[in-house]
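Worksheet: one structure, shown below.
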Amino acid sequence: MKRIVLGIMVLLAFACKEDSTKKEAVILWEAYDDTAEVAANQEHENGRMRYKLIQSKVLDKNEVFQPLYDEVSKMSEADYEALKPLILDQNILTIQTHILKKELTYEKLVLFFLYRIYKYELDNTTTLNTVIALNKDVLEDARALDQSMIDAPKKQRHPISGMPILLKDNINTKGMITTAGAIALQDNEVEDAFIVKQLRKSGALILGKVNLSEWAYFLCSGCPVGYSAVGGQTLNPYGRRVFESGGSSSGSGTSMAASYAVAAVGTETSGSILSPSSQNSVVGLKPTIGVMSRTGIVPISSTLDTPGPMTRNVVDNAILFDALAVIDPKDEASVHTRWAKQPYYAELKGEESLKGKRLGVFKNLLENDSIYAQTIEELESIGAEIIPFDAPQVQMNGFLSILNIDMKNDLPKYLKEHSDPTKVSITSIADAITFNAQDSLVRIPYGQALFEGIMADSTTAEGLANIKETLEANGQKYFNEALDAHKLDAILSINNYHAGFAAVAKYPALTVPMGYKANGEPISLTFIAKKFKERELLQLGHAYEQATQVRRAPKGYE
């Protein structure tokens, strides 16, 4: 059934055939008064969701959506509905099969997702404020790939080839501005980050950029997750203005939940992939530090930062992981991990089992979370060996200083190596603080307490080195006592509950949808293991996913 989703101007834009002199003047979106929405959230039980604004004060969606409008407007609702069974909620391998059978083309695949983005993001009643930039060349790239399938049909291609991917807007991308959500970087024209180059080499189609918590949620204290001055307030499709979107990879999570692309890339320092993935009922992998390059990504901490894949299922996550996990000579933490005989995704065939797998579970979570407890019972019923344990008490003193001092040093290095000084005026945190203070209502409506804390932190280089060494040991002890004593395959957590410990331990974590609370808010099961155990985590996650099949699309975005 055709769904009316856009305002009058947008409906006219999609329906009318206009001559070339009028097309440039078509208004696809109009700013609206969000005062009533903001007021309605002032009594929200979650203080971080008592918003000061919803829509961005600086982003004109017309500038984002007009360049591809002519192409997208050619797709009818009937065309879109006909493509749904081939694309929506299908994994990458299934989509590629449809391509090979000539039931689908890469061009139509891109148009399908663009149509969804236009349909929901241009309607102020359904927008998630998620997509903040589109690649104007993406359809041209898709057509070139379709032609290559004709010219060289037997050429071996990576499964990610031809798949539309959305990138968190702290990842450098040629042809699009990389802002980290900050007005100070609103003209930050850059070359591709290392991981974006790898995606393009594998044939992936860069669809666009998505919103995030500004400066990866290291700007303001106690402020809403998913807010940036450039993109506005990211909203959760499972409950717009009801549930948090998670941060800082908010747009990566919400765009996956709403099926705006095949996959997305997020970044994490501590919980920034795990949080939005769990809040939006999608699969998120935070890799071991060094498995994926950070070169060309706006930093918080060179000690703890990592990009990672965010998808709607584990197979797609493994495929995107494989495309991203390439050693980078310019990243001093980068490590070689291509020792496997075959890529990780090739092992995920639906034959994995949790039978005999030894899984550690937190006693306090068993006692206090009914969904977690029920899930653990289900895992035990299908053969997993469940070992409850009490985590040791370890100190996390100094964690904030790692972020403070690293960002104080790492941001100037990023700006010097990647930004054009004629277009980006700031060169340091101090500059950014001064820049923001010049228009606090627009640039920092929630303040910049964390930036100010960076400048106030007097930790010495020697002190920082001691903190890093101590915290890594403490983080590993937190998990290793149970992992080693009980010979566990993994430890099971909830959402991003133990993300800080995994961060300092530099351990990988995979979160997979576990269900929904009584109010409809998503909740996820998080698998944590030792360094370089991504293969094992993906196998466990896939076995769990196949056994439970709990994920459902958000109502209204099916």
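FYI, the numbering just counts along the sequence from 1.
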Classify the angle between the aromatic ring planes of [X] and [Y] as parallel (below 30°), tilted (30 to 60°) or perpendicular (above 60°).
| X | Y | result |
| --- | --- | --- |
| Phe451 | Trp215 | tilted |
| Tyr118 | Phe65 | perpendicular |
| Tyr227 | Tyr446 | perpendicular |

Tell me, do [X] and [Y] make a side-chain contact under 4.5 Å, heavy atoms counted?
| X | Y | answer |
| --- | --- | --- |
| Glu534 | Phe321 | yes |
| Tyr32 | Thr125 | no |
| Val230 | Ile177 | no |
| Asp34 | Tyr51 | no |

[X] and [Y]: side chain donor to acceptor below 3.5 Å:
| X | Y | result |
| --- | --- | --- |
| Asp305 | Thr269 | yes |
| Thr526 | Ser493 | no |
| Glu121 | Thr130 | no |
| Arg116 | Tyr80 | yes |
| Lys168 | Ser249 | yes |
| Gln546 | Glu352 | no |
| Thr127 | Lys61 | yes |
| Thr94 | Asn91 | yes |
| Asp328 | Ser293 | yes |

For the [atom1] atom of [X] and the [atom2] atom of [Y], what is their distance to the nearest 0.5 Å?
| X | Y | atom1 | atom2 | result |
| --- | --- | --- | --- | --- |
| Leu104 | Ile99 | CG | CD1 | 4.0 Å |
| Ile319 | Ile160 | CD1 | CD1 | 6.5 Å |
| Asn211 | Leu128 | CG | CG | 10.5 Å |
| Leu114 | Leu207 | CG | CG | 5.0 Å |
| Asp322 | Arg535 | CG | CZ | 9.0 Å |
| Ser270 | Phe218 | OG | CZ | 11.0 Å |

With sequence neighbours excluded, residues passing salt bridge (Lys or Arg N to Asp or Glu O under 4.0 Å) with [X]:
| X | answer |
| --- | --- |
| Asp406 | Lys468 |
| Lys517 | Glu521 |
| Glu71 | Arg143 |

Pairs flagged by salt bridge (Lys or Arg N to Asp or Glu O under 4.0 Å) wherever residues 193-208 is involved - sequence neighbours left out | Asp192-Arg200

Pairs flagged by salt bridge (Lys or Arg N to Asp or Glu O under 4.0 Å) wherever residues 285-298 is involved - sequence neighbours left out | Arg294-Asp331

Quick one: which residue pairs count as a disulfide bond (SG atoms under 2.5 Å apart) with a foot in residues 192-254, not counting sequence neighbours?
-> Cys220-Cys223

Of all pairs that satisfy disulfide bond (SG atoms under 2.5 Å apart), the ones with a partner from residues 526-558, not counting sequence neighbours | none

Pair Lys209 + Asp169, salt bridge at N-O below 4.0 Å | yes

So Val512 and Thr548, side-chain contact (heavy atoms from CB on, under 4.5 Å) or not? Walk me through it.
-> CA-CA 11 Å; Val512 183; Thr548 56; over 6 Å; no

The single option from Thr267, Thr178, Thr179 passing side-chain hydrogen bond (donor to acceptor under 3.5 Å, both in side chains) against Asn170 = Thr267

Considering all heavy atoms, the nearest Val315-His542 contact | CG2-NE2, 3.4 Å

Closest non-hydrogen atoms of Ser56 and Ala229, given as atom of the first, atom of the second and distance, are OG-O, 3.3 Å

His158 ring center within less than 6.0 Å of Tyr345 ring center = yes

Partner of Leu492 under side chain to side chain contact (heavy atoms under 4.5 Å, CB included), picked from Ile528, Leu525, Leu365, Thr375, is Leu525

From the options Ile132, Leu59, Leu28, select the one residue that forms a side chain to side chain contact (heavy atoms under 4.5 Å, CB included) with Val64.
-> Leu59

Partner set under side-chain contact (heavy atoms from CB on, under 4.5 Å) for [X], not counting sequence neighbours:
| X | value |
| --- | --- |
| Ala547 | Ile382 |
| Val424 | Leu185, Asn188, Leu415, Ser419, Ile426 |
| Ser278 | Asn495, Thr511, Ser524 |
| Ser250 | Ser213, Thr234, Ser245 |

Please collect all ring-ring contact (aromatic ring centres under 6.0 Å, His included) contacts where either partner lies in residues 238-266, sequence neighbours excluded, each pair once.
-> Tyr238-Tyr516

